[in-house]
K.L.:
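After the structure tokens below, expect a handful of questions from me.
In the text below, chain A, chain B and the rest are named by the order of the sequence lines, each starting its count at 1. Values reported hereafter were calculated over all heavy atoms of this structure, with side chains retained and with hydrogens, waters and symmetry mates removed.
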Amino acid sequence: MHIYDSVQKTKLPFAPIRKGEASIYVCGPTVYDDAHLGHARSSLSFDLLSRTLKALNYKVTMGKNFTDIDDKIIKKVEETGKSMDEITSFYIERYLEDMAAIGIQRPDIEPKATESLQAIENMIQTLIDKDMAYVIDSGDVYFDTSKDSHYGDISHQVGEDEDNQSRVVHTSEKRNPKDFALWKACKGNDDICYDTPFSSGRPGWHIECSAMIEKHFSHAHGTEEYSIDIHGGGADLLFPHHENEAAQSRCATGHELAKYWMHNGFVQIDGEKMSKSLGNSFFLKDALKVYDGEVLRYYLNSVHYRNDFNFSEEELLTSKKRLDKIYRLKKRVSPGKGSAVNKTFKKSLLDAMSDDLNISIALAVIDDMVATTNDAFDTNPKNKALKKETLANIEFIDALLGFGSKEPFSYFQIGVDETLKAQIETLISERSDAKKEKNFERSDSIRNELIALGISIMDTADGTLWEKA
RNA sequence: GGAGCCAUCGCCAAGCGGUAAGGCCGCAGCCUGCAAAGCUGCUAUCCCCGGUUCAAAUCCGGGUGGCUCCUCCA
């Protein structure tokens, strides 16, 4: 396995802290609204990583947090009059449903900030005790970036001279412009506050990830140099979020946070980053109303995770066509039971994914397998061994990439209700009769009716099959 | 103002110094009553200008264009 490390900016062989194991932590969503396609892409990217490592026989432990204490959540509390818990638990449920719909394997650990307060407090206290953090008059606690000689190693964005060059004006009692809040003191009676020795307040954004990783991935920390193997998230988190996480963890624990850092590219709409502030975000739940989750999954995963992804309906339809081909092949071999995966096929797929998740090559390998197998069945439709192997191949695709698991006939009937189904079957039956009588004018006319209904048909040796377009 | 990323066939997209994968679309053919599906074949010298090298889409320098980060953000 090779992984592109966004800190070293190069592809590195994956050598985990512990042989045969892989610990991954991905920054999850702040739960104040529904997940958009960008969240989907991030989840999908690291889902592929996890599946690939599992296929390579690593014992994977995947963690993804829910940020459930945050300014925007508090704002939502004020706006709606609902409790913070009502809001966050609602969106956490929605998030999990949406992710399940696109085939994301549930992480092993899903920590929440509200359930990690002790760990957060401990880490901040440690930093204060080590004089790497300071409490200002208001009760806010800041991390002192000047005390960390490695601050900047992650994002390479902290220059020597710089500072007031930033287009953001910093005005506070911070000692250094780059210092960031570990803890925000209570602002008033209505604020969400937790008591700690340093002040009553709530955690800053960055500290939760460091604390959760420390809490949930607590290796013995003997001679181990890193807390986890891989830390992931969107490219926008590299700075300041990950830089700050790394600094906190390094200074509090004496260990580097992660051995490898991976960042996924953005989903764009018309060439611009999808984001709420630009008003161009596309909620996953809305996309799922129009497109099947499996098709969305194939589509959003069809471009390498590090590249930006420009969403277009036209390209999504192209992805569906490629997925369709896999299911058409599956129709030829279903129902049945798989035997063993073709070794060459399996190796080619794994080789592709082992190269920093080269999905393009992987999909090309699948397309090739589909064409070759179809060709073989065109020559010999009754090749039983090949049928079993093909089923096994498709099962492997599903395990590794997360698509192809549906019953193939039902895949082509998504969106067809019982009434329409009965109508289609009647028409097909009438058409078959017409064909037997060589009344082709009639049979073609029926076919046109079906096409008008969005149904395409194909005559095979086993009768007429139909598909919803 | 500072820091990065990207630019490959009509569209999407691999490539990581050794002579351009794959998909969609299009064209031709096989199959079919005709189709559809499936299969086969055909279609690019890599934004521009310099340089390094026996050899560059791939490395270096300079342009041009697009995107992102430095503020919440996947």
K.L.:
Below 3.5 Å, can you tabulate the donor-acceptor pairs from side chains in residues 462-469 of chain A to any protein atom, sequence neighbours excluded?
P.N.:
from    : atom 1 : to      : atom 2 : distance (Å)
T464(A) : OG1    : D459(A) : OD1    : 2.8
E467(A) : OE1    : R328(A) : NE     : 3.3
E467(A) : OE1    : R328(A) : NH2    : 2.9
E467(A) : OE2    : R328(A) : NE     : 2.8
E467(A) : OE2    : K331(A) : NZ     : 3.1

K.L.:
Is the shortest side-chain N to carboxylate O distance from D68(A) to K112(A) below 4.0 Å?
P.N.:
no
K.L.:
Strictly by Watson-Crick or wobble contacts shorter than 3.5 Å, is anything paired with rG50(B), and which nucleotide is it?
P.N.:
rC60(B)
K.L.:
Do Y299(A) and F403(A) have ring centres separated by under 6.0 Å?
P.N.:
no
K.L.:
Salt bridge check: are D70(A) and K76(A) linked by an N-O gap of less than 4.0 Å?
P.N.:
no
K.L.:
Please pick, from rC39(B), rA14(B), rC67(B), the nucleotide with the shortest atom-to-atom distance to any side-chain atom of V303(A).
P.N.:
rA14(B)
K.L.:
Starting at the 5' end of RNA chain B, which residue's closest nucleotide do you reach first, N310(A) or K9(A)?
P.N.:
K9(A)
K.L.:
Which nucleotide in the list rC70(B), rG38(B), rA36(B) gets nearest to the side chain of M458(A)?
P.N.:
rA36(B)
K.L.:
Can you tell me, in whole Å, how much space there is between the C1' of rC9(B) and that of rC46(B)?
P.N.:
10 Å
K.L.:
Choose from rG23(B), rC67(B), rC39(B) the nucleotide whose nearest atom is closest to any side-chain atom of A371(A).
P.N.:
rC39(B)
K.L.:
Less than 4.0 angstrom from a charged side-chain N to a carboxylate O is my criterion; do D292(A) and K406(A) meet it?
P.N.:
yes
K.L.:
In Watson-Crick or G-U wobble terms, both distances under 3.5 Å, what is the partner of rG38(B)?
P.N.:
rC30(B)
K.L.:
For the P atoms, the ones on rA35(B) and on rC49(B), what distance do you get once it is rounded to whole angstrom?
P.N.:
48 Å
K.L.:
Counting only heavy atoms from other residues, nucleotides and ligands, does the tally under 6.0 Å from NZ of K388(A) exceed 12?
P.N.:
no
K.L.:
Tell me which nucleotide among rG38(B), rG22(B), rC69(B) gets nearest to the side chain of A364(A).
P.N.:
rG22(B)
K.L.:
Counting Watson-Crick and G-U wobble pairs only, both distances under 3.5 Å, name the nucleotide matched with rC25(B), or none.
P.N.:
none
K.L.:
What is the distance from CD1 of I451(A) to P of rA37(B), rounded to the nearest Å?
P.N.:
10 Å
K.L.:
Can R202(A) and D71(A) be counted as an ion pair, charged N to O under 4.0 angstrom?
P.N.:
yes
K.L.:
Between rC25(B), rC67(B), rC69(B), which one does the side chain of K321(A) approach most closely?
P.N.:
rC25(B)
K.L.:
rA13(B) C1' sits how many Å from D368(A) CG, rounded?
P.N.:
17 Å
K.L.:
Write down the distance between CG (D459(A)) and P (rC34(B)), rounded to a whole number of angstrom.
P.N.:
12 Å
K.L.:
Does a side-chain N-to-carboxylate-O contact under 4.0 Å join D153(A) and R250(A)?
P.N.:
no
K.L.:
Choosing from rA37(B), rC24(B), rA74(B), which nucleotide comes nearest the side chain of T318(A)?
P.N.:
rC24(B)
K.L.:
Which value, in whole Å, describes the distance between the C1' atoms of nucleotides rC60(B) and rG17(B)?
P.N.:
13 Å
K.L.:
If you go through the side-chain atoms of D444(A), does one of them form a donor-acceptor pair with the base of rG33(B) closer than 3.5 Å?
P.N.:
yes
K.L.:
Test ring pair (Phe, Tyr, Trp, His ring centres under 6.0 Å) on H36(A) and F282(A); report intermediate values, then the result.
P.N.:
CA-CA 5 Å; H36(A) 63 203; F282(A) 197 164; over 10 Å; no
K.L.:
Could you identify the nucleotide paired to rG65(B), looking across every strand shown and requiring Watson-Crick or G-U wobble geometry with both distances under 3.5 Å?
P.N.:
rC6(B)
K.L.:
Take atom NE2 of H241(A) and atom P of rC69(B), then tell me their distance rounded to the nearest Å.
P.N.:
15 Å
K.L.:
Out of rA37(B), rC70(B), rC39(B), which has the shortest distance to the side chain of K178(A)?
P.N.:
rC70(B)
K.L.:
At 4.0 Å (heavy atoms only), tell me whether S443(A) reaches a base, stays on the sugar-phosphate, or touches nothing.
P.N.:
base
K.L.:
With rounding to whole Å, what would you report as the distance between rG65(B) and rA28(B) at their P atoms?
P.N.:
42 Å
K.L.:
Return whichever of I457(A) or D356(A) has its heavy-atom-nearest nucleotide of RNA chain B closer to the 5' end.
P.N.:
D356(A)
K.L.:
Would you say the base of rA35(B) and the side-chain of R447(A) have a donor-acceptor pair closer than 3.5 Å?
P.N.:
yes
K.L.:
Please give me every residue in residues 257-268 of chain A whose heavy atoms get under 4.0 Å of an atom in RNA chain B, ordered by residue number.
P.N.:
N264(A), G265(A), F266(A), V267(A), Q268(A)
K.L.:
On a whole-Å scale, what distance lies between the P atoms belonging to rA7(B) and rC12(B)?
P.N.:
13 Å
K.L.:
So which nucleotide from rA13(B), rA74(B), rC39(B) ends up closest to the side chain of T30(A)?
P.N.:
rA74(B)
K.L.:
Once the angle between the rings of Y260(A) and F14(A) is folded into 0 to 90°, is it parallel (under 30°), tilted (30 to 60°) or perpendicular (over 60°)?
P.N.:
tilted
K.L.:
Inspect the contact between E430(A) and R442(A) and indicate whether a charged nitrogen and a carboxylate oxygen are less than 4.0 angstrom apart.
P.N.:
yes
K.L.:
What interatomic distance, in whole Å, is found between P of rG22(B) and the corresponding atom of rU45(B)?
P.N.:
16 Å
K.L.:
Looking only at side-chain N and O atoms, does K331(A) come under 4.0 Å of OP1 or OP2 in rA37(B)?
P.N.:
no
K.L.:
What is the distance, rounded to the nearest whole Å, between atom CG of D47(A) and atom P of rA74(B)?
P.N.:
18 Å
K.L.:
Name the closest nucleotide to the L237(A) side chain, picking from rA74(B), rG33(B), rG38(B).
P.N.:
rA74(B)
K.L.:
Rounded to whole angstrom, note down the P distance from rG66(B) over to rA57(B).
P.N.:
26 Å
K.L.:
Measure CZ/R322(A) against P/rC12(B) and give the value in whole Å, please.
P.N.:
14 Å
K.L.:
With sugar-phosphate meaning primed atoms plus P, OP1 and OP2, does F440(A) contact a base, only sugar-phosphate, or nothing at under 4.0 Å between heavy atoms?
P.N.:
base
K.L.:
Is the distance from OP1 or OP2 of rA37(B) to the nearest side-chain N or O of N374(A) less than 4.0 Å?
P.N.:
no
K.L.:
Measuring from the side chain of K325(A) (C-beta onward, heavy atoms only), which nucleotide among rC12(B), rA14(B), rG38(B) has the closest atom?
P.N.:
rG38(B)
K.L.:
To the nearest angstrom, how far is K11(A) atom NZ from rU58(B) atom P?
P.N.:
17 Å
K.L.:
Using the C1' atom as the reference point in each nucleotide, state the distance between rC54(B) and rG15(B) in Å, no decimals.
P.N.:
22 Å
K.L.:
I428(A) CD1 to rA36(B) C1': how many Å, rounded?
P.N.:
12 Å
K.L.:
Base, sugar-phosphate or nothing for G38(A)? Non-hydrogen atoms, less than 4.0 Å.
P.N.:
base
